[in-house]
Amino acid sequence: MEGIRTIGMSMCITLVVTSIFSMLIPDSKLDKVLKFAISLFFLTSIISPFFTSKIDFGVDFNNMVMEQTNTKMDKAVEEQFFSLAQKNIASTLERYLKNEEISVRKIEVFVNKTADNNISISKLMVYIDASQENKVSKIESLVKREVGVTPSIVKLNSNQGKDSY
C-alpha cells in the first residue's frame, strides 16, 4: 500500500510541476527543445519511484488474520469476564444474606457493558424457599443497599414450581 501511495504522490507532484513549466515556455526557436526537456522530466519522475524505492504492492494478510484473531480473543475474554463478574456478585450476595440469617436457593446476576465501558447489573434474581416468604422485603432492601439494584424475588414451592413476586 505504501508503494501505491508513493507512486500516486510522485505523479501528482510531477503533473503539477510539468504543467507549470509548460505554461512558462515562451514561443521561440527553443520551444521544441524545452517541450522535450519537460516531457523527459515528466517520464523520469514517473519512473523514478520504481527504481529508487522498494515498492510493495502486496497486502499483508498476516496482520489481517491477527486483527481477526485479536477481535475473537477480545470477545472471548469479555464473555469470560462477564461470567466471572456475575458469579462473584452472586456468591458475595449469598454470603451477605447468609450472614443476615437469610437462606436463598440461588442468585442469578445478569450484567452488561454500558456505553462508557462500565459494567452494570441489568437484572438480579433471588430464588428463595416458600418458608422465607416473610423475609422478601428484607431481602429486597439488603440487596438494593448492597448492589444498588432491586432484585426480582422468586418463591420456590416444595414441589419445585416457581412463583414470582
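The chain is numbered in sequence order, starting from 1. Owing to the predicted nature of the structure, the values given are computational and were not obtained by experimental measurement.
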Report the C-alpha distance between E100 and K135 in whole Å, list the side-chain angles of each, state the deciding distance to 0.1 Å, and finish with yes or no for salt bridge (Lys or Arg N to Asp or Glu O under 4.0 Å). CA-CA 11 Å; E100 297 291 326; K135 296 182 181 180; over 6 Å; no

Would you sort out whether V149 and K144 count as a side-chain contact (heavy atoms from CB on, under 4.5 Å), showing the intermediate values? CA-CA 5 Å; V149 175; K144 173 94 171 152; over 6 Å; no

I128 vs R105, test: side-chain contact (heavy atoms from CB on, under 4.5 Å). Steps then yes/no. CA-CA 5 Å; I128 62 171; R105 283 205 189 169; over 6 Å; no

With side-chain contact (heavy atoms from CB on, under 4.5 Å) as the test, would you mind laying out the steps for I107 and V143 before giving the verdict? CA-CA 11 Å; I107 295 178; V143 171; 6.0 Å; no

Please step through side-chain hydrogen bond (donor to acceptor under 3.5 Å, both in side chains) for the pair D129 and S103, ending with a clear verdict. CA-CA 8 Å; D129 288 325; S103 70; 4.8 Å; no

When you look at V126 and L124, which way does the side-chain contact (heavy atoms from CB on, under 4.5 Å) test go after all the steps? CA-CA 7 Å; V126 178; L124 195 134; 3.8 Å; yes

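Panel note: side chain S122, backbone F110; a donor-acceptor pair is recorded below 3.5 Å. Remark: side-chain polar atoms of S83 are not paired, donor with acceptor, to backbone N or O of E79 under 3.5 angstrom.
Residues passing the side chain to side chain contact (heavy atoms under 4.5 Å, CB included) test with I119 are F81, F82, V111, sequence neighbours excluded. Here S137 pairs with nothing under the side chain to side chain contact (heavy atoms under 4.5 Å, CB included) rule; sequence neighbours left out.
The CD atom of E140 sits 10.5 Å away from the CG atom of L142 when rounded to the nearest 0.5 Å. Separation of atoms CD1 (I102) and CD (E94) is listed at 12.5 Å; rounding is to 0.5 Å. How far OG1 of T150 is from CZ of R145: 13.0 Å, rounded to the nearest 0.5 Å. Rounding to the nearest 0.5 Å places CD of E133 at 11.5 Å from CD1 of I153. Atom CG of L43 sits about 10.0 Å away from atom OG1 of T14, to the nearest 0.5 Å. Note that OG1 of T114 is 7.5 Å distant from CG of N112, once rounded to the nearest 0.5 Å.
Residue F36 is found in a hydrophobic cluster whose other members, listed by chain and number, are L40; membership requires side-chain heavy atoms under 4.5 Å apart, directly or through intermediates.
Residues K155 and A130 share a closest heavy-atom pair of CG-CA, 3.6 Å.
The closest side-chain heavy-atom distance from V104 to L93 is not below 4.5 Å. Between F41 and V17 the shortest side-chain heavy-atom distance falls below 4.5 Å. Residues K113 and N118 have side chains not in contact (no heavy-atom distance under 4.5 Å, counting atoms from C-beta outward).
Neither F42 nor V33 shares a network with the other; the hydrophobic side chains, linked directly or stepwise wherever heavy atoms of I, L, V, M, F, W or Y lie under 4.5 Å apart, form separate groups for each.
Of the charged side-chain nitrogens involved, at least one lies within less than 4.0 Å of a carboxylate oxygen, so that E108 and K106 count as a salt-bridged pair.
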